[in-house]
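Working notes for the structure below.
Source: prediction; values computed, not measured.
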Amino acid sequence: MELDPKRLGRAIKNARLENNLTQEELAEGVDIATVHVKQLEAGSRKPSVDVLYKLARFLNFSVDAVFFPERTNGWELQRKIELSLNNSSTHELQVFYTTLIELRRVLSSLQAQEEPPPDSTE
């Protein structure tokens, strides 16, 4: 099995857009030409290992989904969350944690409301 350059290109473009960057800003950030970014995103060119490393670090994305597309169990989303948390201050982490705990409580409550009552025809 070979690396699908189109899939990699889509992943790079999606990560760039998630970071609200232009192709020019991305090129400058990883020290490559804008035309190189365009070729990578189009899937007409594969990056070197060094460029792929710079892209993943600069865009804060994991290439695992590209290399292992069969892993679709939510791991990639969890990885994105983890990468985002790595760039957070202690205060932000506390806010995120408190929000997460409350959100899980609310979702659990909503789920309990949606469950049908036990069968009482005994």
Minimum heavy-atom distance Leu21-Arg16, with the two atoms named:
O-NH1, 2.8 Å
Closest non-hydrogen atoms of Lys6 and Asp4, given as atom of the first, atom of the second and distance, are N-OD1, 3.0 Å
Hits for salt bridge (charged side-chain N to carboxylate O under 4.0 Å, His left out) against Arg105, two or more places apart or cross-chain, chain-then-number order -> Glu102
Quick one, Leu8 and Leu40 - any side-chain contact, counting heavy atoms below 4.5 Å?
no
Going hydrophobic residue to hydrophobic residue with side-chain gaps under 4.5 angstrom, can you get from Val37 over to Leu3?
yes
Side chains of residues 44-56: which donor-acceptor partners sit under 3.5 Å, not counting sequence neighbours?
from  : atom 1 : to    : atom 2 : distance (Å)
Ser44 : OG     : Gln39 : O      : 3.3
Arg45 : NH1    : Gln39 : OE1    : 3.1
Ser48 : OG     : Val51 : N      : 3.1

Kindly write out the residues that satisfy salt bridge (charged side-chain N to carboxylate O under 4.0 Å, His left out) with Glu114, not counting sequence neighbours, or none if the list is empty.
none
Linking I/L/V/M/F/W/Y whenever any side-chain heavy atoms sit under 4.5 Å apart, do Tyr97 and Leu85 land together?
no
Qualifying residues under side-chain hydrogen bond (donor to acceptor under 3.5 Å, both in side chains), relative to Arg57, sequence neighbours excluded
none
If you round to the nearest 0.5 Å, how far is CZ of Arg10 from CG of Leu17?
13.5 Å
Those residues at least two apart in sequence (or on a different chain) that pass side-chain hydrogen bond (donor to acceptor under 3.5 Å, both in side chains) with Gln111 are none
Only pairs at least two apart or in different chains count here, so list each salt bridge (charged side-chain N to carboxylate O under 4.0 Å, His left out) that has a residue in residues 19-40.
none
When rounded to the nearest 0.5 angstrom, what is the spacing between CG in Asn60 and CG in Asn19?
7.0 Å
Give, for atom OG1 of Thr90 and atom CD of Glu92, the distance between the pair rounded to the nearest 0.5 Å.
9.0 Å
Are Val35 and Ile12 co-members of a hydrophobic cluster defined by side-chain heavy atoms under 4.5 Å apart?
no
With a 4.5 Å heavy-atom cut-off, do Leu110 and Gln113 have their side chains touching?
yes
